[in-house]
Asker: 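Take this structure, written in structure tokens, and hold onto it; I'll ask about it next.
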Amino acid sequence: MSIKPARTRIAPSPTGHMHLGTARVALYDYLLAKKTGGQFILRIEDTDLKRTVPGAEQEIFDGLRWLGLQYDEGPDVGGKFGPYRQTERREIYQQHAKILINNGSAYPCFCAPDRLEKVKQEQNARKENPHYDGTCRVLAPDEAARRIANGEAYTVRFKMPHDGVTVAHDHLRGDITIENKQLNDYVLLKSDGLPTYHLAAIVDDHEMQITHVLRGSEWLGTFPLHVNIVRAFGWDEPIWIHLSVFLKPSGKGKMSKRETAAAMKDGYSIFIKDMEELGFTPEGVLNWSALMGWGVAEDDVMTTAQMLDRFSVDGLTPSPAAINFQRLDHFNATHIRLFTATDLAARLKPYLIREGLNVDEDALLKIIPLIRERLVTLDDCIAFGGFFFKDEVTLAPEDLIAKGLDAKQSAEIARKSYEILSALASMDHASAEPPMRAYVESSGLNINQIFGIIRVAVTGQKVSPPLFESMEIIGKEKCLQRIKNAIGILEKI
Ligand code: GLU
């Protein structure tokens, strides 16, 4: 890899939710740019007006920022190669289409859409791959100029060489050779004056001085076309890197709409906007996606800084990667364990607030060591620690009855525990635990029976962080009040 500063770009189309695949390309782009002291650029490819979705562009801005992949140039941050939205660059593409017409690499095409449709159907019937039949390729230039002057609608098509082969070089896959007769005269400029991806991306990558084009392998099919366009302009090619595809968890094919919806039901998503809501951290998502297409060990836990240290485009791999949400859980949980207590507390707070809880920051900091090891997603803090921030807990009466005992016996245990705990000067765990253990010993009952009743009384749930540490944080007054409520409930059964 050259040590020249790299200029990389992520070029999403605002046609739907920002996908995990976009995040992964953006990450590699970012790493390559930062590693070489270059720039990472965001370009919005919005020339397909029919498919543009309102709000999708903002989702890309927000998604990249949430991931911490701040771009150096882009529509909302500016830069000296702007504008960075393709619909604001129409004239640039029109001028470039003219350059290709003038140098004989492209031609105006006046074929009406219904004629093209008919040609396609005839080719289908003959079992041929659909391709333009070349009607306007052979029009004399002055005839074409006359028709344009007459106001006839036209597109601009690339004049693909018919003879020989095209050799396109991909950094991960090596040389890809294709016979030119298999290639089509693709449309570069549509009749509305807007470019197709093929022209716009090539022109912009050149104008924006992009050195490395990292993109999805769905572009491999038209890769020879793109290489031909660059050469027709007489430009140097960027380094092309077609990344691996994402497969659905079974490894068979791509994620469908149905599987995406099913993942969401299980608390997972392939859309970046959902990740935060589902309790995933940018660190977890980045680490997970980084490893789907980068040949480092499967278990490598890395922050962005550590990735920067180790990244090289030579380490990227073209083999497909199956999406594995259990790995996302693994990386998310692992990063949660690496955050400082203050950082983690700040990240948990919004989830507790979202749940309508009144968060006391000191208490939150104290509960971090009790719950951290149990968190897979950030919103797990509600299940494990929500009760700390409730004024009252809701008790299910049947949960208060210990296994093997009845309501009367359980009430007796609760009363005895109340007596022991209310006699203490404070509810710190070092003071509360020994007398309660002594009580278990003398009662001849099992520890789970006694502590279980108190746990449900104080936390409202059967599973909780360590009981006495939790009671210390909740405080003596609240604990006793909750046990008293539980006694009331048990006595009424
Ligand atoms: N707009 C293209 C897409 O969203 C970008 C592909 C590229 O990176 O060149 O797939």
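Order of appearance sets the numbers: ligands from 1, and atoms from 1 within every ligand.
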Asker: Any N or O on Y197 sitting closer than 3.5 Å to an N or O of ligand 1?
Answerer: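 Looking only at distances, the answer is yes, because the N/O contact criterion of under 3.5 Å is met.
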
Asker: A cation-pi test, strictly: NZ or CZ of R347 under 6.0 Å from the centre of the six-membered ring of F339 and no more than 45 degrees from its axis. Yes or no?
Answerer: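 Ring-cation test returns yes.
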
Asker: Considering non-hydrogen atoms of the protein only, which is the closest contact for atom 5 (C) of ligand 1, and what is the distance?
Answerer: A11 O, 3.0 Å

Asker: Would A201 count as a contact of ligand 1 if the rule is a heavy atom under 4.0 Å away?
Answerer: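 No; A201 lies far enough from ligand 1 that no heavy-atom distance drops under 4.0 Å.
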
Asker: Here's a test for you: under salt bridge (charged side-chain N to carboxylate O under 4.0 Å, His left out), which of R7, R9, K34, K80 qualifies with D72?
Answerer: K34

Asker: Between W288, Y268, F331, which is the residue that forms a side-chain contact (heavy atoms from CB on, under 4.5 Å) with F280?
Answerer: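 Single side-chain contact (heavy atoms from CB on, under 4.5 Å) partner of F280 among W288, Y268, F331: Y268.
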
Asker: Can you confirm, on distance only, whether ligand 1 has an N/O atom lying under 3.5 Å from any N/O atom belonging to P12?
Answerer: no

Asker: Which option, H242, E45, R9, owns the non-hydrogen atom nearest atom 1 (N) of ligand 1?
Answerer: E45

Asker: Would you please say whether a donor-acceptor pair under 3.5 Å links the side chains of Y197 and E45?
Answerer: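 Result is no, nothing qualifies.
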
Asker: Are side-chain heavy atoms of L69 and I10 found at a separation under 4.5 Å?
Answerer: no

